[in-house]
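Following: one structure in structure tokens, then a few remarks.
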Amino acid sequence: MDLIEVFDFHKQFGTKVVHSGVNFKVRKGECLGLIGGSGTGKSVLLRSLIGLSRPDQGRILFENRDITGLSESELIEVRRKIAYVFQGGALFDSMTVYENLAYPLRAHTQLGEAEIAEKIKFQLSEFGLQGNEEVYPVNLSGGMQKRVGLARSIIMDPEVILYDEPTAGLDPFNTKRIQEMILQMKAKGRTSILVTHDMPVAFAVCDRIAMLMNGRIEAIGSVDEMEEKSNHLILQFVQGEIR
Ligand SMILES: Nc1ncnc2c1ncn2[C@@H]1O[C@H](COP(=O)(O)OP(=O)(O)OP(=O)(O)O)[C@@H](O)[C@H]1O
Ligand SMILES: [Mg+2]
């Protein structure tokens, strides 16, 4: 079953055409890798899937419903099911790590403070962040901010997770940790899109990989097909010959 379907997606900013007819589908339970050079529009595409940006033309179906024309209040429901893990973490600077994680739980669930504390404790230990409850984002390293952002995104147990370069700037140990976490979410049946420049991570966690180039999906296929290097475009991209 296709959970997300993107048809003929067009987007331009001023005279700069970013997308000129993007088409792809995401099946329920799969992890679709989305690769492509910097500025090809990967983040804009992810943001559009939760209505933070709107296509100039085209349709985005989530659970067979077109979300491109939804109002802000209708989008709340979509955003409850689809979590977007921002490229930079997007933490609330004025809140501690604990408050950052508690925020979505207090806003969107009926959980009591004791249950919230329990969930946060569990989530922080999953990400190796225990002991940082009272720290403010400004005092965390970039990699820690990223992990807090991820922890906050999945604490609501969303159906779909859009990961925007979750391992960029992380050391190998933490990259591995994030990789395991993505696999765990997949094992629980969650659907995801992983935007990454880290091909070993993409090969390790994705079922299929799509390549965004020249405003379109120029190639899409199973990880096996891509890994066999049968796809010339992907091979050139991985080897840094094109962007
Ligand atoms: N709100 C906006 N206003 C104007 N231009 C924008 C806006 N958002 C994105 N763009 C432009 O659209 C293009 C695609 O941006 P996007 O952030 O999606 O790229 P990306 O593929 O995610 O790149 P990276 O790999 O560097 O994160 C860029 O040229 C960017 O400058
Ligand atoms: Mg981006």
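Just so it is clear, the model here is predicted, and its values are computed rather than measured. One-based numbering, in listed order, for ligands and for the atoms of each.
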Kindly determine whether Met156 and Thr109 satisfy side-chain contact (heavy atoms from CB on, under 4.5 Å), including the steps that lead there. CA-CA 9 Å; Met156 293 288 290; Thr109 72; 4.0 Å; yes
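- For Gly37, the closest heavy-atom approach to ligand 1 falls below 4.0 Å.
- Taking the side chain as every heavy atom from C-beta outward, His108 and Arg79 never approach each other to under 4.5 Å.
- Salt bridge annotation for Asp157-Lys188: present, with a cationic side-chain nitrogen under 4.0 angstrom from a carboxylate oxygen.
- The shortest contact between atom 31 (O) of ligand 1 and any protein heavy atom is with Lys16 CE, 4.9 Å.
- Within ligand 1, the atoms closer than 4.0 Å to a non-hydrogen atom of Glu165 are 24 (P), 25 (O), 27 (O), numbered from 1 in the order shown.
- Considering backbone and side-chain N/O of Gly41, one or more are found under 3.5 Å from N/O of ligand 1.
- Heavy-atom minimum distance, Leu194 versus Cys206: CD2-SG, 3.9 Å.
- When each atom of ligand 1 is checked for a heavy atom of Arg47 under 4.0 Å away, the hits are 8 (N).
- For atom 6 (C) of ligand 1, the protein comes within 4.0 Å by at least one heavy atom.
- Close approach of ligand 1 to Val18 is summarised as follows: ligand atoms under 4.0 Å from at least one heavy atom of the residue are 12 (O), 13 (C), 14 (C).
- Considering backbone and side-chain atoms together, Gly39 places an N or O closer than 3.5 Å to an N or O of ligand 1.
- Counting only heavy atoms of the protein, atom 8 (N) of ligand 1 lies nearest to Phe13 CZ, 3.5 Å.
- Protein N/O/S atoms closer to the Mg ion (ligand 2) than 2.8 Å number 2 in this structure.
- Here the heavy atom of the protein found nearest to atom 26 (O) of ligand 1 is Ser38 OG, 2.5 Å.
- Considering both main-chain and side-chain atoms, Val44 comes within under 3.5 Å of ligand 1 through a nitrogen or oxygen pair.
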